[in-house]
Amino acid sequence: MLAYRIGYGEDAHRLEAGRDLWLGGLKIPDSPHGAVAHSDGDAVLHALADALLSGLALGDIGQYFPDTDPAHAGMDSATILRRCLELVRGRGYAPLNVALVVTLDRPKLGGLRADIAARLAELLTLDRAEVGVSFKTSEGLAPGHVQVRATVLLGQTGG
Ligand SMILES: Nc1ccn([C@@H]2O[C@H](COP(=O)(O)O)[C@@H](O)[C@H]2O)c(=O)n1
Ligand SMILES: C[C@@]1(CO)OP(=O)(O)OP(=O)(O)OC[C@H]1O
């Protein structure tokens, strides 16, 4: 019988004016602020990467990409996601579907849902219909902050 594993990941970053906002591998146009981070600060890709690792109890991205390493400064977080996917595949699993929630007050992201899902599907080698993307405001409780929660279902690829 094939085995299945569930993974869960979260990430949060403080937002500051004058920075680019990266989410799901896309630079969000006309954002009034962007993430304060060591890398490009893409909280969607970080939460998904942690979800992949957690499904197989492989730790978290900070272990593989320490934020104390200057080599990771400003890095494209797609590199982090690809590496975590390789680790998962190396253990005989692959993602079957992912679901994520982005909590962000501004800017509104609804118009970018299809683009973000398409980019994530490409990075994860999934169909668009296997990538669920939801947006929530914090109702003004955390306007200077972006938070992402992500789940993934992993399926065994062999045997
Ligand atoms: N950055 C965001 C946040 C939310 N949305 C969309 O707004 C709708 C209402 O969100 P609530 O948090 O008030 O429930 C919902 O449909 C979200 O998709 C958005 O587009 N961008
Ligand atoms: C990605 C890494 C490494 O550049 O740093 P940040 O961009 O600050 O992101 P975070 O989600 O806080 O933690 C993981 C880090 O190791």
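For the numbers below, each heavy atom of this structure counts, side chains included, while hydrogens, waters and symmetry mates do not. Whatever order the structure lists ligands and atoms in, that order sets their numbers, starting from 1.
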_I'd like the name of whichever of S134, G110, S138, G140 reaches closest to atom 20 (O) of ligand 1 through any heavy atom._
G110
[atom]: the protein heavy-atom neighbour that sits closest, reported with distance to 0.1 Å:
{"atom": "atom 6 (P) of ligand 2", "result": "H38 N, 3.7 Å"}
{"atom": "atom 12 (O) of ligand 2", "result": "H13 CE1, 3.5 Å"}
{"atom": "atom 17 (C) of ligand 1", "result": "F135 O, 3.2 Å"}
{"atom": "atom 21 (N) of ligand 1", "result": "L109 N, 2.8 Å"}

*Geometric N/O contact T137 with ligand 1, under 3.5 angstrom*: yes
*For ligand 1, does P107 get within less than 4.0 Å through its side chain, its backbone, both, or neither, judged by non-hydrogen atoms?*
backbone
*Classify the contact between E139 and ligand 1 as side chain, backbone, both or neither, using a heavy-atom distance cut-off of under 4.0 Å.*
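Just the side chain.
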Could you tell me which atoms of ligand 2, counted from 1 in the order shown, lie closer than 4.0 angstrom to a heavy atom of [X]?
{"X": "I80", "result": "1 (C)"}
{"X": "G62", "result": "16 (O)"}
{"X": "D11", "result": "11 (O)"}
{"X": "H72", "result": "4 (O)"}
{"X": "H46", "result": "1 (C), 7 (O), 9 (O), 10 (P), 11 (O)"}
{"X": "F65", "result": "2 (C), 3 (C), 15 (C), 16 (O)"}
{"X": "A37", "result": "7 (O), 8 (O)"}
{"X": "I61", "result": "14 (C)"}

For atom [atom1] of [X], decide whether the heavy atoms of other residues, nucleotides or ligands shown that lie under 6.0 angstrom number more than 12.
{"X": "R128", "atom1": "CZ", "value": "yes"}
{"X": "Y4", "atom1": "OH", "value": "no"}
{"X": "L96", "atom1": "CG", "value": "yes"}

*So, is S39 polar-close to ligand 2, with some N/O to N/O distance under 3.5 Å?*
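Indeed, backbone or side chain, S39 has an N or O that close.
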*Considering only heavy atoms of R113, which atoms of ligand 1 have at least one such atom less than 4.0 Å away?*
18 (O)
_I'd like to know if the side chain of D67 pairs up with that of H38 as donor and acceptor (distance under 3.5 Å, no hydrogens or angles considered)._
no
